[in-house]
Amino acid sequence: MKHLLSVADLDADDFEELFRLSDSFAEVSARRIPKVPALRGRTVVSLFFEDSTRTRLSFETAAKRLGADTMTFSVASSSMRKGESVRDTIETIDAMGVDAMVVRHGSAGVPQRITDWTDVSVVNAGDGWHEHPTQALLDAYTLRGRFGSLAGRRVAIVGDIAHSRVARSNVVAFSTLGAEVILVAPATLLPPSLDGWPVKVTEDLDGVIDSVDVLYLLRMQRERMTEHLVPSLREYSRRFGLDHARADRLRDGAVVLHPGPMNRGVEIAGDVVDRAELAVVDQVRNGVAVRMAVLWSMLGAGTDLVAEPDEQQGAQQ
Ligand code: NCD
């Protein structure tokens with residue numbers, strides 16, 4: 001795999017291959033020294049033109065656990081504040097000699113465009129409303145861990161579908177893996193057209209909550225909204241938020257996912273966050289293993305996947 005720009009580039013076998021690699025890297029992450037030398041000497045740079053906590057830290061942790069060097073670019077402290085363009089920024093970083101760029105940007109298509117300006121591998125870490133493929137991978141991996149397979153499972157994705165790159169990537173990922181996807185949202189929070197989306201749609205969360213295996217709550221993307229699309233956040237929360245009464249109606253074994261950051265009191269009541277159905281901690285933990293799998297797939301060909309640092313050093317001497 002040269003780049004990871006969209007989940008549409010992955011078929012079911014590619015997912016399974018990345019999941020098997022993730023299993024190996026989850027095992028590495030559980031070691032006392034959670035590190036392998038597979039990408040020693042390689043440099044991974046994270047280029048975040050938009051805010052992030054977990055995705056940036058997760059990629060950097062993943063790169064470090066593989067023995068790679070890491071660099072971070074954050075726009076707030078860079079020469080972009082002096083007006084430097086994305087292209088000039090990329091060409092500057094490229095000239096320093098890096099092996100992969102992990103890119104987040106507020107506009108759809110920027111990671112793809114960057115592949116025209118550099119020969120190194122590019123990972124889309126979220127581009128505008130468009131896609132967030134490693135989020136979909138870690139979500140699908142988390143569900144595979146719970147259910148063994150997604151085939152035949154019912155997944156409800158709830159909330160701000162219109163502005164959500166997580167929803168776009170997950171609809172494709174979950175359906176590629178055989179799940180049935182239901183979007184639960186008011187019409188104002190759906191994209192103008194759902195042509196070609198392999199989904200059912202409802203506005204009635206209470207009508208589906210007791211029949212789903214997975215409830216996927218999306219964050220209200222307030223920073224991407226240009227107008228009031230719901231009467232009030234309180235009203236949204238009343239119709240689409242997860243409170244104890246709704247959580248009590250979930251099936252035994254059902255799981256609740258959220259990509260973070262959570263708006264407590266909007267899509268989820270503050271005190272529901274501690275319930276056993278919530279798999280948010282698993283999502284974050286799995287995110288590191290999955291991103292190790294992605295980086296290794298792009299840069300690691302020919303290296304020993306999970307050799308302990310000392311063994312590998314010994315072999316090289
Ligand atoms: C998501 C994002 O930034 O797309 N967060 C994340 O990467 N875990 C979801 C969001 O911001 O709502």
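Not measured: the values here are computed from a predicted model. One-based numbering, in listed order, for ligands and for the atoms of each.
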J.: Should the pair E50-R224 be classified as a salt bridge under the 4.0 Å nitrogen-to-oxygen rule?
T.: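 Answer for the salt bridge query: yes.
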J.: Is E60 salt-bridged to K64, going by a charged N under 4.0 Å from an acidic O?
T.: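 Looking at E60 and K64, the cut-off is not met.
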J.: Can D282 and R146 be counted as an ion pair, charged N to O under 4.0 angstrom?
T.: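 Here D282 pairs with R146 in a salt bridge, since their nearest N and O are under 4.0 Å apart.
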J.: Contact residues of ligand 1 with a heavy-atom cut-off of under 4.0 Å?
T.: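 Residue list for ligand 1: R54, T55, R104, H132, Q135, R165, V166, R219, Q221, P259, G260, P261.
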J.: Under a 4.0 Å threshold between the charged nitrogen and the carboxylate oxygen, would D23 count as salt-bridged to R20?
T.: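 Here R20 does not pair with D23 in a salt bridge, since their nearest N and O are not under 4.0 Å apart.
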J.: Would a distance-only check, ignoring hydrogens and angles, find a side-chain to backbone donor-acceptor pair under 3.5 Å from T43 to V98?
T.: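 Looks like no, no N/O pair under 3.5 Å.
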J.: Salt bridge check: are E131 and R168 linked by an N-O gap of less than 4.0 Å?
T.: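 Answer for the salt bridge query: no.
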